[in-house]
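Okay, so here's the structure we're looking at.
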Amino acid sequence: MRMGQMFGRTLREAPADAETASHGLLVRAGFIQQLGAGVYSLLPLGKRSIDKIEAILREEMVKIGGQEVLMPVVNPADVWKETRRFYEIGDEMSRFHDRVGRDMVLAMTHEEVVADLTRKVIHSYKQLPLLVFHIQTKWRDDARPRAGLIRVREFTMKDSYSLDSSEEGLDTQYRAHYQAYFDIFNRCGLPTVAVLSDVGMMGGKMAHEYMYLTPIGEDTIIICDSCGYHANRQIAQFRKPEPEGGDPAELRKIETPGTTTIEELCEFLKIDASRTLKAVFMTATLVDGEEEVQKLVVAMIRGDMELNETKLANLVKAKELRPAHEEEIKAAGAYPGYGSPIGVEGALIAVDDLVPDLRNLVTGANEEGFHVENANYGRDFEADFVGDLIAAGEGSLCANCDGTLRATRAVEVGNIFKLGTRYTGSLGATFLDDNGKAQQVIMGSYGIGVGRLLACAVEEYHDDKGVIWPISIAPYEVHLVALPGGEEEADRIYENLSAKGVEVLYDDRKEQAGVKFNDADLIGVPIRVTASKRSLKNGGLEMKLRRGDDLGVVPVDDAVDKVLELKSTLEQELADRVKPVEFSD
RNA sequence: CGGGGUGUGGCGCAGUCCGGUAGCGCACCUGCUUUGGGAGCAGGGGGCCGCAGGUUCGAAUCCUGCCACCCCGACCA
């Protein structure tokens, strides 16, 4: 590609709203342009890199038996109603009516369509197992898109769906994905860790998320450096401190004006937060048969700990959880800022499993300006649910060893999920087993966000001048710079390299050397070749890797071979990163 | 949805408080010079100042409403 003809341009300055490296650089280098909030166009450079990633995704999916399909983005709502997600999902799913008024949705994912295809196509155990995948646009009307391609509303996703007749089959396909995902990310040069993640309410059995560790990430993952344990914070296990015990003392009401937070309370009473009991008021949506009911949940945790909403939702079997409104709290007889289960009626009480072993805690009196001291579980309050409610955090004790846990930020670039029969059951996707008996097809679903992967790669590979692409996903392999006196030779090497199948971005513009070099650094193509009067005088063409290695001058006659050699070296480096990974759950 | 911020040429910004009909840098076009890390000189093109109302002789500037985009939050009780 001759740069003089290329659609797109580089910018000296990033748009003012680009706050992350990947966002700013992808815009500056001419890979993407924003159309609206969380909606981007890909320019030719961006499209080429995305195509490279998609090619890798296809190869790795086919390698584990995947067959590519393409499912529609616009779906009649019927299938979504059959699985009830039409009603369960909120504003994140966009809906509209077609001309005759039918409910339609923009697909956020494709479990429904896959299950529909399955019920139409699969009838016998002899047809299973199968793996289908597609690379398709998704629309999710995210409340808050941010950071360029890291979090967008319209995006391309590779999603694959395994179809099996047995749990063992699902397990096999799940593990195949577990490895394939590492292979995919490694081929793209992106370091990731797989962490166990929440399976949610939908009957899933196991899920892993593939995390790229970066401070700009929105997820928090918990890592133990001594035993290697890692998990999404939402489900991370940890060991709670040993309670001190002691004998229960008499419950007493104490005046504590202006202490609506644990911090203020501890300051006022000169005690440690671990001596307090914190009430967190949430409103849960519970499913009772066909009915949905809203109920106040009072979660009780030790004052120095943090509630993990996912654990609470799972414990009380809530479909949704949100912070309770003040009126809801008061209606149950509690008082915000001075809350506890004492005297509360009509609410579910959920108590962290550490609390029953704690003695003589300070907690709310449910009256403005008053707390109580010496509160004890069993005597002063009881619970509908007792279970782990605490979020692991920096400094928590590892559940598996003597280590201390570390919290770190990450971006989820992929996930794998054992769905089971959640969707095939709702849609009646069954097959006849070898006894002629109808069984529900067992599904798994597996996703990778293509644009997010690209953005994460830029986060990982850049410097203050621009991107430094891994060759596997670089828009071009060679950036050829022609400077005065080198034009003819540059034309020749451009033809020769192209003839060998090398992808060359040829800067044939009438620009100053500095402009060309800076653009080359910004765009980040891995191999740079320069032809100029000076290089020719020195015996040939200059070669340099974007990441820094200066390879000096290569004789003109050797240039093509040298480029091919460099290319294969760079490719091999990435290929060497692909190796078997032990399955970890 | 809550809070904050920003909308002025392709990009980055000034001008807004204190109303007088739009400016700077980069980019773009033409010419000459220059030619290895974002050149110099000269000339030039491009903006109904987010949109709609209102106030005023006169609005980028004041008032009202709306829209868009960005950031934070939507667990910290």
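Throughout, protein chains are lettered first and strands after them, A, B, ... in sequence-line order, and every chain is numbered starting at 1.
- A42(B) is paired with U30(B) under the criterion used here, namely a Watson-Crick or G-U wobble arrangement in which both key atom distances are under 3.5 Å.
- The residue from Asp521(A), Thr530(A), Asp508(A), Leu483(A) that alone fulfils the side-chain contact (heavy atoms from CB on, under 4.5 Å) condition with Lys516(A) is Leu483(A).
- Summarising the geometry, the separation between CZ on Arg151(A) and P on C70(B) is reported as 13 Å, rounded to the nearest angstrom.
- In this structure, Tyr494(A) and Tyr506(A) have tilted ring planes: the angle between them lies in the 30° to 60° band.
- Along RNA chain B, the nucleotide closest to Arg146(A) and the one closest to Ala14(A) are compared, and the more 5′ of them pairs with Ala14(A).
- With G37(B), A77(B), C69(B) as the candidates, the nucleotide lying closest to the side chain of Lys278(A) is A77(B).
- Following rounding to the nearest Å, Ile390(A) (CD1) and C76(B) (P) show an atom-to-atom distance of 15 Å.
- The side chain of Lys465(A) has G37(B) as its nearest neighbour among G38(B), G37(B), C69(B).
- Residues Tyr212(A) and Glu459(A) bring no donor and acceptor atom of their side chains to less than 3.5 Å of each other.
- Residues Ile301(A) and Glu511(A) both approach RNA chain B. Their nearest nucleotides, taken by heavy-atom distance, put Glu511(A) toward the 5′ side.
- Across the C1' atoms, G65(B) and U55(B) are found 15 Å apart, a figure rounded to whole Å.
- To the nearest angstrom, P of C70(B) lies 15 Å from CD1 of Ile216(A).
- The side chain of Ala16(A) approaches C13(B) more closely than any other nucleotide in the set C70(B), C13(B), G37(B).
- Here, U30(B) and G46(B) have their P atoms 16 Å apart, quoted to the whole Å.
- In this structure, Asp142(A) places its CG atom 16 Å from P of C1(B), rounding to the nearest Å.
- For Asp17(A) and G5(B), the CG to P distance is 17 Å, given to the nearest whole Å.
- Of the side-chain N and O atoms in Gln512(A), one or more sit less than 4.0 angstrom from OP1 or OP2 of A39(B).
- Using a 4.0 Å heavy-atom criterion, one finds that Gln33(A) contacts no nucleic acid atom at all.
- When both distances must be under 3.5 Å, the Watson-Crick or G-U wobble mate of C49(B) does not exist.
- U16(B) is unpaired under the Watson-Crick or G-U wobble criterion, no partner having all donor-acceptor distances under 3.5 Å.
- Annotation: C63(B) and U16(B) have their C1' atoms spaced 14 Å apart (nearest Å).
- With U35(B), C70(B), C28(B) as the candidates, the nucleotide lying closest to the side chain of Ala37(A) is C70(B).
- With C26(B), C69(B), C71(B) as the candidates, the nucleotide lying closest to the side chain of Glu19(A) is C71(B).
- Residues Gln33(A) and Ser41(A) have side chains that never bring a donor and an acceptor to within less than 3.5 angstrom of each other.
- Remark: the separation of the C1' atoms in C70(B) and C32(B) is 45 Å, to the nearest Å.
- Rounded to an integer number of Å, the gap from NZ of Lys544(A) to P of G37(B) is 13 Å.
- Distance Arg12(A) CZ to C28(B) C1': 13 Å, rounded to the nearest Å.
- When Watson-Crick and G-U wobble pairs are counted only if both distances are under 3.5 Å, A60(B) pairs with no nucleotide at all.
- Comparing G38(B), A39(B), A77(B) by their nearest atom to the side chain of Asp519(A) picks out G38(B).
- Atom CD of Gln34(A) and atom C1' of G7(B) are 13 Å apart (whole Å).
- Using C1' as the reference atom, G50(B) and U61(B) are 15 Å apart when rounded to the nearest Å.
- Among Asp550(A), Val478(A), Leu551(A), the one residue that satisfies the side-chain contact (heavy atoms from CB on, under 4.5 Å) test with Met543(A) is Leu551(A).
- Between A60(B) and C17(B), the distance separating the two P atoms is 12 Å to the nearest Å.
- Distance from the side chain of Val280(A) is smallest to A77(B) among C71(B), A77(B), U34(B).
- Going from the C1' atom of G38(B) to that of G12(B) covers 15 Å, rounded to whole Å.
- Residue Phe517(A) places its side chain closer to G37(B) than to any other of G37(B), A39(B), A74(B).
- Within 6.0 Å of CD in Glu488(A) there are 12 or fewer heavy atoms belonging to other residues, nucleotides or ligands.
- Across all strands shown, G2(B) pairs with C72(B); the Watson-Crick or G-U wobble distances both stay below 3.5 Å.
- Counting only heavy atoms from C-beta on, Arg144(A) has its side chain closest to C72(B) among C13(B), C26(B), C72(B).
- Looking at Thr220(A) and Arg409(A), their side chains do bring a donor and an acceptor atom within 3.5 Å of each other.
- Nucleotides G73(B) and A59(B), compared at atom P, are 42 Å apart to the nearest Å.
- There is a side-chain donor-acceptor pair under 3.5 Å between Asp103(A) and His97(A).
- Nucleotide G7(B) has C67(B) as its partner under the Watson-Crick or G-U criteria, with both atom distances under 3.5 Å.
- With a cut-off of 3.5 Å on both Watson-Crick or G-U wobble distances, the partner of A22(B) is given as none.
- Using a 4.0 Å heavy-atom distance criterion, Ala147(A) is classed as a sugar-phosphate-only contact.
- Counting non-hydrogen atoms under 4.0 angstrom, Arg528(A) reaches a base of the nucleic acid.
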